[in-house]
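Working notes, beginning with the structure itself.
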There are 2 protein chains.
Amino acid sequence: MELVHSLTLHLSAFVSLSDADREVLDKALRKRARILAPRQDIIREGEKPRFVNVILEGWAQRYKQLADGRRQILSFFVPGDLCDTNVFILKSMDHSLSAVTQVRLAEISQREFQEIIETSPRIAQALWWSELVTVAIQREWTTSIGQRTAYERIAHLLCEMFVRLRTIGRTQERSCEFPLTQSEIADATGLTQVHVNRTVQEMRREGLIEIRNKRLEVHDLRALMAVAMFNPNYLHLEAGGHECIAPE
Amino acid sequence: MELVHSLTLHLSAFVSLSDADREVLDKALRKRARILAPRQDIIREGEKPRFVNVILEGWAQRYKQLADGRRQILSFFVPGDLCDTNVFILKSMDHSLSAVTQVRLAEISQREFQEIIETSPRIAQALWWSELVTVAIQREWTTSIGQRTAYERIAHLLCEMFVRLRTIGRTQERSCEFPLTQSEIADATGLTQVHVNRTVQEMRREGLIEIRNKRLEVHDLRALMAVAMFNPNYLHLEAGGHECIAPE
DNA sequence: GCGGCGTATTAACGCATGTGAATGTCGGCT
DNA sequence: AGCCGACATTCACATGCGTTAATACGCCGC
């Protein structure tokens with residue numbers, strides 16, 4: 001639909017794609033589309049993975065539930081993100097994927113995926129990069145939950161989402177879409193909803209940020225990054241993510 | 001040195017390799033070896049990755065440090081484990097690797113790695129599987145730190161290491177090597193050393209486990225798995241890991 | 001056998017975050 | 001306009017885990 005797919009923008013953070021490459025991607029994404037309602041599952045733990053999912057529109061999440069119901073959100077996906085490259089090999093999912101907002105996604109079969117990789121080495125490389133970044137994000141989340149305080153953790157999540165959205169051109173000067181509820185932030189950061197509320201309010205009082213109407217307003221990105229100890233190196237952006245630290 | 005390399009055993013948890021496959025692996029591992037003293041860094045954050053490292057002997061770890069020195073251990077490697085398949089693409093490491101015990105490892109260059117993959121599709125598949133398992137472990141750690149209590153978290157780590165060691169034939173009936181200090185367990189689980197001590201003692205008092213002399217004795221694996229809510233599905237073992245739940 | 005160093009153990013105390021539950025707010029549906 | 005459901009906010013209180021620091025243990029080198 002769009003002139004430039006989010007996937008193209010996402011991969012362009014690593015390599016510049018040729019027109020032919022873009023054509024290949026566009027074609028792949030047109031094949032098999034799916035629209036999901038907010039909170040609907042995309043695939044659940046235990047099921048056999050059959051497609052690579054590419055988010056075209058909306059936010060999605062990866063999560064895992066313990067036997068007694070405790071839930072950990074493991075990552076968020078925004079437009080352009082791929083869920084589980086090459087996951088076909090596995091017999092069954094060890095976690096679930098679901099929509100956060102309404103989501104439009106493209107399913108790519110193993111055959112199609114293989115074909116893309118063989119057709120365009122440049123795309124293959126970019127997909128590898130994307131996969132490595134996904135893993136690096138997971139590591140950063142582990143670090144965040146293991147070492148950062150509640151305040152730092154939430155600040156870090158906000159920085160990450162803001163920067164990721166910026167690479168696909170989905171931010172304004174100092175704001176971006178932000179459809180997460182406090183309860184979802186809680187499940188993602190290993191905190192309780194009540195404590196997320198306390199903490200977000202503190203950040204607001206201090207003039208760092210504001211979240212309302214499903215939008216995040218970042219008043220002072222530099223300061224937010226500083227308190228979060230946000231180092232964008234793990235996103236492996238070509239520009240080094242240093243343009244992140246916006247000139248004030 | 002060994003008749004069967006740990007790497008072969010590790011990959012055999014997913015596919016059965018042919019003699020030719022084993023030959024390919026053996027050859028690759030003989031090329032470039034390195035021995036590291038305990039605690040010595042293998043590669044540090046910021047450096048350019050040039051090799052895939054395969055642990056041949058000893059334990060290693062992946063870790064990340066925040067600006068102010070707080071450290072999170074992100075994963076442990078045991079013999080047969082690969083560190084960072086295909087990481088060549090990236091400009092620089094976003095975390096560090098270091099030895100826990102004395103470590104013997106093999107470095108595989110990008111060219112060699114490429115060659116292996118092209119020579120043997122079966123090995124290529126197995127390497128992919130291994131990579132997917134590594135990521136799944138990372139997700140499980142995120143879940144553990146985010147949702148499990150200290151007691152559950154430590155129990156979970158013990159279960160994981162025991163089961164992983166078992167797939168490479170490094171366990172006895174109810175015990176295995178376990179060279180981690182309480183301080184390292186703390187950095188891996190996001191706890192303090194003092195609290196790890198309290199918790200490990202509690203587990204000992206309850207007759208679940210015993211750690212002494214760099215060995216872990218698991219008195220009751222079933223019970224340990226139960227308190228940890230340990231579900232081996234994320235290790236994606238062919239046997240389903242169900243033989244894990246050892247008959248009493 | 002002695003001294004030293006890395007590690008484990010113990011203790012007293014504090015606080016960040018959790019728990020449970022009531023109340024407020026706002027946007028959407030009828 | 002009014003109701004409803006989802007979400008945010010507030011409050012009182014509880015606790016798991018952190019902090020600091022002193023002490024004990026066990027192995028290694030001399």
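Proteins come first, then strands; the chains are lettered A, B, ... in the order of their sequence lines, and each starts at number 1.
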Original post:
Which part of the nucleic acid does T192(B) contact within heavy-atom distance under 4.0 Å: base, sugar-phosphate only, or nothing?
Top reply: base
Original post:
What do you reckon, is CG of D68(B) surrounded by more than 12 foreign heavy atoms closer than 6.0 Å?
Top reply: yes
Original post:
When you match V194(B) and L180(B) each to their closest nucleotide on DNA chain C, which lands nearer the 5' end?
Top reply: L180(B)
**OP:** Specify the separation, in whole Å, of atom CG of N213(A) and atom P of dG28(C).
**Re:** 9 Å
Subject >> Distance in angstrom units between R212(B) CZ and dT7(C) P, rounded >> reply: 19 Å
Original post:
N197(B) side chain N/O closer than 4.0 Å to the phosphate oxygens (OP1, OP2) of dT9(C)?
Top reply: yes
**OP:** Starting from C1' on dC17(D), measure out to CZ on R153(B) and report it in whole angstrom.
**Re:** 9 Å
Original post:
Taking the six-membered ring for Trp, are F178(A) and W59(A) parallel (under 30°), tilted (30 to 60°) or perpendicular (over 60°)?
Top reply: perpendicular
Original post:
Please give, in whole Å, the distance from dT7(C) C1' to I185(B) CD1?
Top reply: 12 Å
**OP:** Write down the distance between CD (E210(A)) and C1' (dA8(D)), rounded to a whole number of angstrom.
**Re:** 14 Å
**OP:** Kindly say if Q193(B) contacts the phosphate of dG18(D), meaning a side-chain N or O under 4.0 Å from OP1 or OP2.
**Re:** no
Original post:
Atom CZ of F178(B) to atom P of dT7(C): distance rounded to whole Å?
Top reply: 14 Å
**OP:** Please check the phosphate of dT9(C) (OP1 and OP2 only) for any side-chain N or O of R204(B) closer than 4.0 Å.
**Re:** yes
Original post:
Looking at dC7(D), dG18(D), dT17(C), which one has an atom nearest to any side-chain atom of H195(B)?
Top reply: dG18(D)
**OP:** Would you state whether a donor and an acceptor, one from the side chain of R198(B) and one from the base of dG18(D), lie under 3.5 Å apart?
**Re:** yes
Original post:
To the nearest Å, how far apart are D187(B) CG and dC17(D) C1'?
Top reply: 15 Å
Original post:
Which pair of heavy atoms, one from Y234(A) and one from K64(B), lies closest together, and at what distance?
Top reply: CB-NZ, 3.8 Å
Subject >> Evaluation steps, salt bridge (charged side-chain N to carboxylate O under 4.0 Å, His left out), between E57(B) and R170(B) >> reply: CA-CA 11 Å; E57(B) 201 49 60; R170(B) 298 243 177 178; 2.8 Å; yes
Subject >> Protein-nucleotide distance (L191(B), atom CG; dT15(D), atom P), rounded to Å >> reply: 20 Å
**OP:** Can you establish whether the number of heavy atoms outside R50(B) located under 6.0 Å from its atom CZ is more than 12?
**Re:** no
Original post:
When you check the phosphate oxygens OP1 and OP2 of dA6(D), does a side-chain N or O of Q182(A) lie under 4.0 Å from one of them?
Top reply: no
**OP:** Find which nucleotide of DNA chain D each of K214(A) and Q201(A) is nearest to by heavy atoms, and output the residue with the more 5' nucleotide.
**Re:** K214(A)
